[in-house]
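Below is one structure, written out as structure tokens; comments come after it.
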Amino acid sequence: MSSIARKEIPSPYVANLLNTWNEFIAAGKAQESVEKKHEIESLLSERNDEMELVEYFYLLDYSHSIAFGKGAIGSLANVVSMLSKGNHELLISYYYDLCAGDYEYYQKNYTKAITYYEAAERKLSRIPDVGDIKFAEFHYKIGIAYYAIDQHLFSVSHIAKAKEIYEKHDMHKDDAIQCSMIMGVNLYDMGRLDEAEASFRSALTESEFHGYPMVTAKIYHNLGLIQWQREAYDMAIYYFEKAYSYDWIKESEKVLQTVYMLSRASYNAGFREKAYEWYLLGLEKCEEYKDCEYKAKLDILYYLYEQPSVQKVKQSLAYLEEKNLWPDVSKIAKGVADLYEEQGDLKNSHEFLKKALYAKDQILKITEALS
């Protein structure tokens, strides 16, 4: 077990452990399978994980019992029969791809995540009596993965399909509103700010009316992005602070995005002291969540505004390049180039502008590979 506290272990980590257990069972590795089963059992007993992970555990436990003659096969057989409806192996294969997709997405390997999600969706379509909500979940997962690599048209297409399904079910109104928000985010990234703002405000009205704090907090963050893009930094900070006021944001990994933007917008507005406070809080949160991406982004702010160092900025940007976070690299490098231009440093401005253009080329290559 790693040094990560149990309560901090994310669901995709558990999903990956289940896939490893699946591989041990398939390879006939009895001892490794027993050890992995006990590790996962211990984790699941202390968590409230998604039902899909629990179902996958039962299916694998049955396979483990059959393969190695261990465990209460009789009682498990009834559970597995109810879950799989005679499609045991196909359902296990489906869960393997689903969990692999979730883990790759968590690792920010978005194109790999899309490949696994699409494979899982194809297997799901072969399983009888599957409700349309599961397909909505897939469209949503694929849509946000495409968004993460700046493939906005693909993203909007999948998110629209997910929204259409969610809107048919009263219990999934919050999911439908979340889809509206993601469509707004895509519009924002395409530079269609007025349309994006209209989408966010429509979603905000619905979210506040129905009392969905998680979605509401995200919408306030996104309204902050609209104002930041318009260089209305005071209003941007207002909306980011509104988002941060929600306990859900403070207690989740999403806090990294909001704190980072609070620091960035505060530096843009000239509020150096407050910006530095947000920067320090951001570092704390990066340590808490073991997040290197936002640590690199925060370090870029530090070496632009607190202890100016072109070399350190390049080093932090290089980390984002290594992780293939090309949309972020493109936007951040362009912002750095603009700042150096304002300071009269045309040499470094030109160098970072070239980095921004190179990142855009990498995004185009991803588009071609996916087409």
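Scope of the values below: all heavy atoms of this structure, side chains included, with no hydrogens, waters or symmetry mates.
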Any donor-acceptor pair under 3.5 Å from N19 side chain to Y96 backbone: yes
Tell me if the centroids of the rings in Y140 and H158 come within less than 6.0 Å of each other. no
Check: H88 ring centroid to Y62 ring centroid under 6.0 Å: yes
Carefully, step by step, assess Y116 and E104 under the rule side-chain hydrogen bond (donor to acceptor under 3.5 Å, both in side chains). CA-CA 9 Å; Y116 278 118; E104 292 295 349; 5.2 Å; no
Side chains of S266 and K274: is there a donor and an acceptor less than 3.5 Å apart? no
Donor-acceptor side-chain pairing of Y103 and N109 below 3.5 angstrom: no
Distance-only donor-acceptor check, side chains K163 and S180, under 3.5 Å: yes
Please determine which of D174, D170, D175 meets the side chain to side chain donor-acceptor pair (under 3.5 Å) test together with H172. D175
Can we say K123 and D97 salt-bridge, meaning some charged N sits less than 4.0 Å from an Asp/Glu carboxylate O? yes
Aromatic rings W21 and H64: how do their planes relate, parallel, tilted or perpendicular, breaks at 30° and 60°? tilted
What do you reckon, are the aromatic ring centroids of W278 and Y244 less than 6.0 Å apart? yes
Do E251 and Y246 pair up side chain to side chain, a donor and an acceptor below 3.5 Å, judged on atom types alone? no
Worked check of side-chain hydrogen bond (donor to acceptor under 3.5 Å, both in side chains) between Y166 and Q178: CA-CA 10 Å; Y166 284 136; Q178 174 81 4; over 6 Å; no
Backbone N or O of K37 within a donor-acceptor pair of the E39 side chain at under 3.5 Å? no
Presence of salt bridge, D189 and K331, under 4.0 angstrom: yes
Do we get K141 above Y105's six-membered ring, with its NZ or CZ under 6.0 Å from the centre and within 45° of the axis? no
Can you see whether Y319 engages D299 through a side-chain donor-acceptor pair at a distance of less than 3.5 angstrom? no
Counting N and O atoms only, with roles assigned by atom type, does the side chain of S252 sit under 3.5 Å from a partner on the main chain of W248, one being a donor and the other an acceptor? yes
Check the side chains of W228 and N268 for a donor-acceptor pair under 3.5 angstrom, ignoring hydrogens and angles. yes
Please determine if K355 forms a cation-pi arrangement with Y358, meaning its NZ or CZ atom is less than 6.0 Å from the six-membered ring centre and no more than 45° off the ring axis. no
Any side-chain donor-acceptor pair under 3.5 Å between Y276 and E306? no
Are R264 and Y260 close enough that a side-chain donor and a side-chain acceptor fall under 3.5 Å? yes
A cation-pi test, strictly: NZ or CZ of K29 under 6.0 Å from the centre of the six-membered ring of F24 and no more than 45 degrees from its axis. Yes or no? no
